[in-house]
S.K.: 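Mind looking over this structure? Questions follow.
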Amino acid sequence: MARPTELVRGTLDLLVLKTLELEPRHGIAVAERIRQITSGTFAVKPGSLFPALHRLEQNGFVRGAWTQSAAGRRVKVYELTAQGRRQLAAERREWARVSLAMAQVLES
Amino acid sequence: MERELDAELESSLLELTARHEAAGLAPKAARRAAQQEMGSLPHVKLAVRESWLISPWDLAALDLKQAWRGLRATPGLSLLAVVTFAIGIGAAAAILAVVRGTLLAPLPYHDPDRLVLIWADLTKAGHPRAPLSGPELRDLRTRTGSFDGVGGVWANSVTLEEGGEALFVRIGLVTGDFLPVLGVEAAAGRLLSDADAVVGSPATVLLGHGLWRRRFGSDPRVVGRSITVNGQPTLVVGVLPENFRLLLPADAGTPDTIEAYQLLHPGIVEGPRGQRYLRVVGRLKAGVSLEQATADVERVAADLTRELPASQATAFTTVGLARDMTKEVRGPLAVVSAGVAVLLLIAAVNVLGVLVARAASRRREIAVRVALGAGFTRILRLSVAEGCTLAALGALLGTGLAYLALQTLRAFQPDVLRRLGSAALDGRVLAVCGALACAWGLLFALAPLREYARMELGTLLGSARGGGRPPRPRLRSALVLAQVALTLVLLVGAGALTRSFLGLLAIDPGFVAEGVLTFRVPAAATRDANLGARVALARSLDEALRGRPGVIAVGAASHLPYDSIPNWGGPYTTSEGPSDAVLPSADYRAVSPGFFDAAGVTLVRGRAFADGDGPTGDPVAIVDERLAQKVWPGRSALGERLRVDPTSTGTPERWVTVVGVARHVRHRSLVTALNEQIYFPLAQAPRNPVAYLVRTTGDPAALTTAVREVVRGVEPRLPLYEVLPLTAYLERARAVQRFTAVLVAAFAAAALALASIGLYGVVAHLTAQRRREFGVRLALGATPRQIGAMVLGEGGRLVGLGIGLGLIGAVVASAVLRAQFAVVEAADPAIYAIVVPTLAVAALVACARPALLATRADVAAVLRVE
């Protein structure tokens, strides 16, 4: 398993938004999914995740709602809003631009 | 929110525990592992709570705080920007208030845009706008179809006796339909009506609101009461509303101080056709335009010309009342507004320049921010916050300045502006300024962004210390060029206006205003006093006044120069029989023997009136030199005879003998050519009221109490009013010119200061950037003086270009000014000779300090930086 890497601030938001793209999840599930997909490179601590989720909620990019989980527990589940989808697209473009620039510098 | 967060974290903990359990851990171990993963709960809660703080309002507050800090970081530049902008906005707000208060303020009539003034066009006799006569009013009423009503007014004065006190009141004598035409309604009681003129009914009077409040204590029971007017019992029929004032254009000769109204007998329409005294106002019928009404009136004039002998028919001029009221000030206010616009432009350009410079010098700070992760939007937000803060501060300060400016302006406002309305910083003005501030604020925010946008990530992080040659500030140089050019235009404008005002001061009015106190009294204390009594009263007053210490001369006259009461004039001729031709007309004045001495009017030939020129003596007159030259060229006018009409019957029937010739007096306008003048002795052509002129050795105002005492001593029932120095009247003639000249001069001075500062800024900036270059030059053998000269030279080039551009602009502006102000002479080289060097010197002074600093460039230090 790769070493967990420090996440640059701002990219966490992008990761969360992307994770919620296909289906709503609750907080822990989001962190779990990110860790799963990146094979452990990005291990998001609750201490960073929850502030991020709440910030996204305040900006209107995600919407939180209390429901019953499959196991019968009450959990707060987050869902991507339309505005959130637009933000996700924007941040993806931005990320692409930055990584291209980095690549150009590194290749030169 | 807190409880929900707790619940969420609790549920998350449970989830994590469940997952660990699913992965095979024992329940207790799973819980412990979960707790470890979650980390310290209070810590997480804190982190979430912190994120809550970033709500949109808090974000804005944060931005503003940072903006404020940013502005404080460059206190000098920020202060400069705020003050500069404040000057611009303050001036704009003050002028806007004046314009709005005067040009845009509605007249106190109902639907004033439908009102028109109708004048008789007696240009041939020297009166392009003359009042109408009763029969002419009737013709307009009956022969036109364009008006809902046509009424006339004439101004006079009466003595009102109330509570044992005699009060002098200016009265408007109106036809029954005049006030209804204006659309005024009585606030109490009713308006005057033609029915009041039926034989046997008492005289009636309508009180103005101010008079009612001041003298009758706002007592509603005064309506229906009988008061004494000119010795006659008169019925008060009503009171006018508070906001009503009779305002007619200044040349209508209707004083603004009319406080009550009485009825003109309807029979005046049968009076002599040549007896012209009515100021006529008509209300357009619904759907009728001014052009249609004008054509209608012209048609009537044409008909009358066909039906009447030439001496009696006239053409008519029809003008819109509202537009006519403002025609005197529209030009000057337009000029002043243009001046303010230019000043605002210069101020804004200055601030832009300052902000761009600031942006350039804050490159390093911005670079750091970008490196720390601030996106472009964040920088934009910051820039907007800074721009708006600057604009807001500038606008606040500017509003304060505007308020102060308005207070000062009010002190100097010419009468004509005052009567049209008042200037106040009301809601609309503040709103416009607010909008201006917002617009400029955004512009200020965007200006530095150009600098920021040019920065590339690499360059910023690499050589944030200013490595690489920064681009020359072409934009800033262009801005300064514009400023210099605009300032030159303003300076030339101010110079031209000042010159024209000084020119006015230099015009000899034909009388000596300094040292004379004036006041007005009715000609007699009681209405039934006969001519003999009036003459005796006049003589007693004269003697009593002369007896006071310090009094050099005393005179009386029917009119004072630059008076606001209606002009008095009439025809004159030397021919014997009745003539059909239009007779030339002169201004008539009735004066006492002492008048010429008191007013300082020189008699070039003959004598002043004497006591012998009384009711029983030969009818005499004194003419002015113009008339003498015109009628009897080349020979003495003394002893010649003239046929005149001092009683305004409409035809000249009295023969008078000329006993003296006086200097021409400019008593109605300093600028436009006036009619000839004919003086009659007051004893032979009695007028009411009478104005006294008392020439004194000292300050005329000091005589005020003495004069009151004297009059009371001679005749206690005589009310005394309008005690003013003669200079107050003369000032009226120059007031508008003075106002405009002073204002534009103030703008020009401000512009000069601003442009100099702007120039200084650019040159200093340029110089600072080129320190290395100077170091190299010095090392290569140039002397400090050469460096200094180079900087000065470059600054000078900018100024020279600016002046060149400005000269073109100034020529255009002078042409426009000349169109507005008849007095401004064609491009006077003297103005340019003064203005251009002034600007050049100011500019060079601005460049001096940077040039000096450049000479001190330390070679070693500069090279070391590399």
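Just so it is clear: chains get the letters A, B, ... in the order the sequence lines come, proteins before strands, and each one is counted from 1. Here the structure is a predicted model, which is why all the values come from computation and not from measurement. For the numbers below, each heavy atom of this structure counts, side chains included, while hydrogens, waters and symmetry mates do not.
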S.K.: Less than 4.5 Å to any heavy atom of chain A: does that hold for the side chain of B/Leu9, its backbone, both, or neither?
M.R.: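 For B/Leu9, the contact with chain A is made by the side chain alone.
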
S.K.: To check you understand the geometry: which heavy-atom pair defines the closest contact between A/Phe50 and B/Ser12, and what is its length?
M.R.: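 For A/Phe50 and B/Ser12, the tightest heavy-atom pair comes out as CZ-OG, 3.2 Å.
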
S.K.: Go through the atoms of A/Ala101 and report whether side chain, backbone, both or neither lie under 4.5 Å from a heavy atom of chain B.
M.R.: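 Neither; nothing under 4.5 Å.
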
S.K.: Would you say A/Glu21 has more than 12 foreign heavy atoms packed within less than 6.0 Å of its CD?
M.R.: yes

S.K.: Could you give the distance from CG (B/Leu5) to NZ (A/Lys76), rounded to the nearest 0.5 Å?
M.R.: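 Output value for this atom pair is 8.0 Å.
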
S.K.: Which bit of A/Arg73 comes within less than 4.5 Å of chain B, counting heavy atoms only: side chain, backbone, both or neither?
M.R.: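 Side chain only.
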
S.K.: List the atom of A/Tyr78, the atom of B/Glu8, and the distance in Å for their closest heavy-atom pair.
M.R.: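 So the minimum-distance heavy-atom pair works out to OH-OE2, 2.7 Å.
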
S.K.: Assess whether atom CH2 of A/Trp95 is packed by more than 12 heavy atoms of other residues, nucleotides or ligands within 6.0 Å.
M.R.: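 No, not enclosed.
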
S.K.: With side chains defined as the heavy atoms from C-beta onward, is the minimum distance between B/Glu15 and A/Glu32 less than 4.5 Å?
M.R.: no

